[in-house]
Amino acid sequence: MMVAQRVSGQDINLSAHYTVHLPAPDDFAFWRERARALTQSDVPPDRVSWVEPGGTGDLFAHGGPSPEDKPLPLPNKGAAAVRASKRFLRLARNAALHSDTERFGLLYRMLWRLQSKPRVMEDKADPDVRRIEELDKSVRRDSHKMHAFVRFREVESDEGEHYIAWFEPDHHIVRANAGFFRRRFANMNWSILTPRGCIHWDGETMRESGPAQRSDAPSDDPTEDLWKSYYASTFNPARLKVGAMMAEMPKKYWKNMPEAELIPDLIASAQAREAGMVAAGEREERERPQTLAEISDAISACRDCPIAECGTRAVMGEGPSDAPLMIVGEQPGDQEDQQGRPFVGPAGQLLDECSEQAGIDRSAAYVTNAVKHFKYTQRGKRRIHQSPTAKEIDTCRWWLEAERALAKPRIVLALGASAARSLLGKTVSISKARGTPLPLDDGSELWVTVHPSYLLRLDGAAREEQGALFARDLSAVTARLKELGA
Amino acid sequence: MSRYMTQQTLRQKLEILADAAKYDASCASSGTAKKNSLGGKGIGSTEGMGICHAYAPDGRCISLLKVLLTNHCIFDCHYCINRKSSNVRRARFTPQEVADLTINFYKRNYIEGLFLSSGIIKSSNHTMEQMVECARILREEYDFRGYIHLKTIPEADPGLIHQAGLFADRVSINVELPTPSGLTRLAPDKDAAQIEGALAKTKSRIIEAKDERKRFKHAPRFAPAGQSTQMIVGADDASDADIVGKASNLYGNFGLRRVYYSAFSPIPDASAVLPLKRPPLMREHRLYQSDWLMRFYGYAPGEVAQATDRHGNLPLDIDPKLAWALKFRGQFPVDVNRASKEQLLRVPGLGTTAVGRILAARRHRTLRLDDVAKLTQSIAKVRPFLVALDWRPTTLTDRADLRALLAPKQEQLELF
């Protein structure tokens, strides 16, 4: 205990005023010891001034009680022990690190009041309590931002890698947070330089040094380019919320964060990027056509995918608008394009033949395609069929869905993988999907089989075998239609 | 094919695979077991509180290095930028590359750790193996003690998922869409039953591991930060009531730490099946508020549903708590000096902190309106629902235009 300089408590002059010089602006332990002694000597808060060193805020300057300090009184004999709630102690430890010069006086006043009103800390409407809470809160925030926004830069030296950061805290928090960085980077050589003093860790011991300048820290690090790329890529321009960012990462921190230099450009280009993505996929926002005739007109004008640019005509489905069966092929072929009707070429003729044998009246079914335009490559005078891509099928799916919504078939028969993808939204294997109905989301049933053009490409035994399977699939559809009473 | 032939740089891969991962909303690095690198060979610590190391201009916190191992995918989910039929650039990291990136970022204090997810390549098991390998390198070779979140693949072998949980702080599986029909339509390769089965299995592993640690001090931890999931909002026609109901089932059945909501936002080369419009950010915000009501304010899912309109959607202009209070005005005003904690928590404008302060302060004094004003954010908002020593809202609570008085001005919804 410090007793040497003190005079006895009995000598206290009521008008005496004491000044306590703190050795460092964050020396809570020193304040605590002095505050305890003053309380025990009955020195009221308005008789004490608390002074921190130099006002420069240098955490690690060497100091101590100034020699001019009037000696503090000795505690009264038999004075009661000084008491404080745990909560006060917890808040006071943080509040003592605040840069507010009134903080030590405020804490002493609170300690003084706690002696006669031990539960005053619970009164959240009390102005002193509120102020201590505010100080605590801003110190915690400052510490939290230090944990978050310190950016180390690597320097190669003879002793290996050294990671050095420059940080500008608002309060006297550097020493108090040394432990956090030690626990986190225990096996790394690092230094955190600040205008309030610096801390250094070499893997074994923590060292402190006086204030530094930004120019003492390295100015770049090769990994920063990768980090900036990450920062830019993880940003979603369609969700721009600048206010939310600014609230958590105020501008004052930006100058020491390498990624922050990207922010103005990211914000400036965000709306254009979002608008570009929306425009590219905008079609869904259009109203769905209300009649099959409207669809027919609209698909002729459709340029949503590159196939429409081939110079072909759009081929609309045909058949009764209340047909219980919808037959969906892949896309119009050469003949269909010339005549403007679906399934009139060789594959269509084969379909007609097989349907008739299976007992399906084609004229009673609604026949259409997954893709409305003919996609081909020109080879000499011939136009050679090209399969549509998944994306093109998905794009054209909107029209097929419009047709389905109007015709409301009970059963949809998909011929081939493209038709199946258009109806299911995924690519399926025909051999696995055929033979059993798949439920569609409007309650109708999807049956899948091969496209007749596939049969046209086969011959011999294979043709016979596949032809039989195709016939079986069609018969199953006939049977199911009967079952449904359609 | 040329773009596959040329060697991509690490930076190009990072750009592609971070871009591909950003639609996952989760970034939490909190609530895991405390650990630090003292006495170890490497770096890293987790001390309970998550840390956001930066914020992007979308307002979202950057806490973890959130990347995919690869964005090649054999699945074809329509809402996903990485679906098979999408025309985006593809890239692939090795597990070692991701581990090295994580360490290099961590050493510079850019991140709290890694959030690794992946497109499905070759098979679910192969993909899961690669992800586990990356976590293994970090934990075993680098002795990394920071945060690791692994997305697990429901179809993968249970043994692999178990290993993932031993290395990771948190594991997650996305349920993706609130209704089975939405999943069938938009994620045709995924299976709701399989996803829920995997969530259930993970839940029981977490419970078992906790139980073992009670009995054996050195029993291995399994995902100490628990499991979470994500639902996409606005891609299908599910209502807010559907979503809230689903979320509450998920919390109840699978012991989830968090259900994240991700407003469906426009993606490059989008599927033609989905509406591309501005992401419903306000709707996402209201859903998170309703999530809070259930988790911290004692509202039952049915009560949140009571706050919705006839289509089952929460109002966008006012928060769900205010919407509920306006519908059930008979419950108000409550006496700030007498009401129970539960009653106070229902007062629009009083958060959990303010309620705690009121409960503590009223032991010392009978509160006047002025005192309440000091303890709350906005006295104007709470006033119509409270009685204090010197205050009675009289007719205010019953005014027909109360909603208009309390609803924030429309301008607040505008983005600049």
Side-chain angles (χ1 to χ4, degrees), chain A residues 119 122-125 130 144 147-154 163 165 183-188 221 223 225-227 229-231 233-236 238-245 248-249 257 259 263 266-267 270 274 277-278 280-282 284-285 390-391 394-395 397-398 424-427 441, chain B residues 10-11 14-15 18-19 22 36-38 40-45 51-59 61-62 65-66 76 78 85 87 101 104-105 107-110 181 184-185 188-189 265-268 270-279 281 357 360-361 363-365 371 374-375 415:
Chain A
R119 304 188 70 178
E122 290 169 24
D123 184 359
K124 305 299 169 79
R130 279 159 49 81
H144 190 70
H147 299 170
F149 298 155
V150 154
R151 294 286 182 263
F152 287 112
R153 284 172 163 157
E154 186 192 344
Y163 290 85
R183 293 189 295 278
R184 170 155 292 204
F185 302 108
N187 298 290
M188 213 167 88
D221 180 303
T223 303
D225 278 344
L226 276 176
W227 169 241
S229 299
Y230 175 70
Y231 182 79
S233 306
T234 201
F235 162 59
N236 182 351
R239 300 183 52 114
L240 194 63
K241 274 189 185 173
V242 179
M245 170 187 69
E248 294 297 338
M249 198 170 81
M257 300 174 72
E259 64 273 28
I263 293 172
L266 289 177
I267 294 174
E274 187 202 357
M277 289 189 286
V278 172
E282 196 164 44
E284 278 291 319
E285 292 300 285
K391 169 96 181 170
D394 291 348
T395 304
R397 182 179 177 185
W398 196 71
L424 287 170
K426 65 174 171 179
T427 304
D441 51 11
Chain B
L10 186 65
R11 183 172 167 180
L14 178 62
E15 281 167 356
D19 189 82
K22 71 185 170 197
N36 64 54
S37 49
L38 294 172
K41 294 183 292 152
I43 51 172
S45 63
I51 298 174
C52 295
H53 284 272
Y55 289 82
D58 51 22
C61 139
I62 301 177
L65 169 63
K66 193 192 302 183
D76 209 2
H78 289 283
S85 58
N87 200 20
L101 259 179
N104 279 325
F105 279 9
K107 279 182 167 174
R108 287 155 180 83
N109 203 40
Y110 301 156
S181 64
T184 314
R185 180 174 153 77
D189 302 300
S265 78
I267 50 174
S271 159
V273 175
L274 278 170
L276 270 204
K277 47 190 173 194
R278 300 209 62 136
L281 297 184
R357 286 157 170 266
R363 286 201 285 271
H364 297 268
R365 59 179 83 194
D371 297 321
K374 286 182 202 156
L375 302 174
L415 290 158

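Just so it is clear, the values below take in all heavy atoms, side chains as well, and ignore hydrogens, waters and symmetry mates. Labels below follow one simple rule: chain letters A, B, ... track the order of the sequence lines, proteins then strands, and each chain is numbered from 1.
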Keeping the roles fixed (side chain from [X], backbone from [Y]), state whether a donor-acceptor pair exists under 3.5 Å.
X: B/D76; Y: A/K426; value: no
X: B/K22; Y: A/S233; value: yes
X: B/N109; Y: A/H147; value: yes

By ring-ring contact (aromatic ring centres under 6.0 Å, His included), A/Y163 pairs with (sequence neighbours left out) none
Top of B/S181, B/A360, B/G59 for chain A proximity - count of heavy-atom pairs under 4.5 angstrom = B/G59
Return the orientation label for the B/Y55 and A/F149 ring planes: parallel under 30°, perpendicular over 60°, tilted otherwise.
-> perpendicular
B/S45 side chain to A/R183 side chain, donor-acceptor N/O pair below 3.5 angstrom | no
So, for A/Y231 and B/A56, which heavy atoms are closest and what is the spacing to 0.1 Å?
-> OH-CA, 3.5 Å
Between A/M257 and B/H53, which heavy-atom pair has the shortest distance, and what is it?
-> CE-O, 3.7 Å
Side-chain ion pair, B/K107 and A/E154, N-O less than 4.0 Å | no
Select one option (side chain, backbone, both, neither) describing which atoms of B/H364 are under 4.5 Å from chain A's heavy atoms.
-> side chain
Check: B/I62 and A/Y230 side chains under 4.5 Å, non-hydrogen atoms | yes
Is any side-chain heavy atom of A/D441 less than 4.5 Å from a side-chain heavy atom of B/T184?
-> no
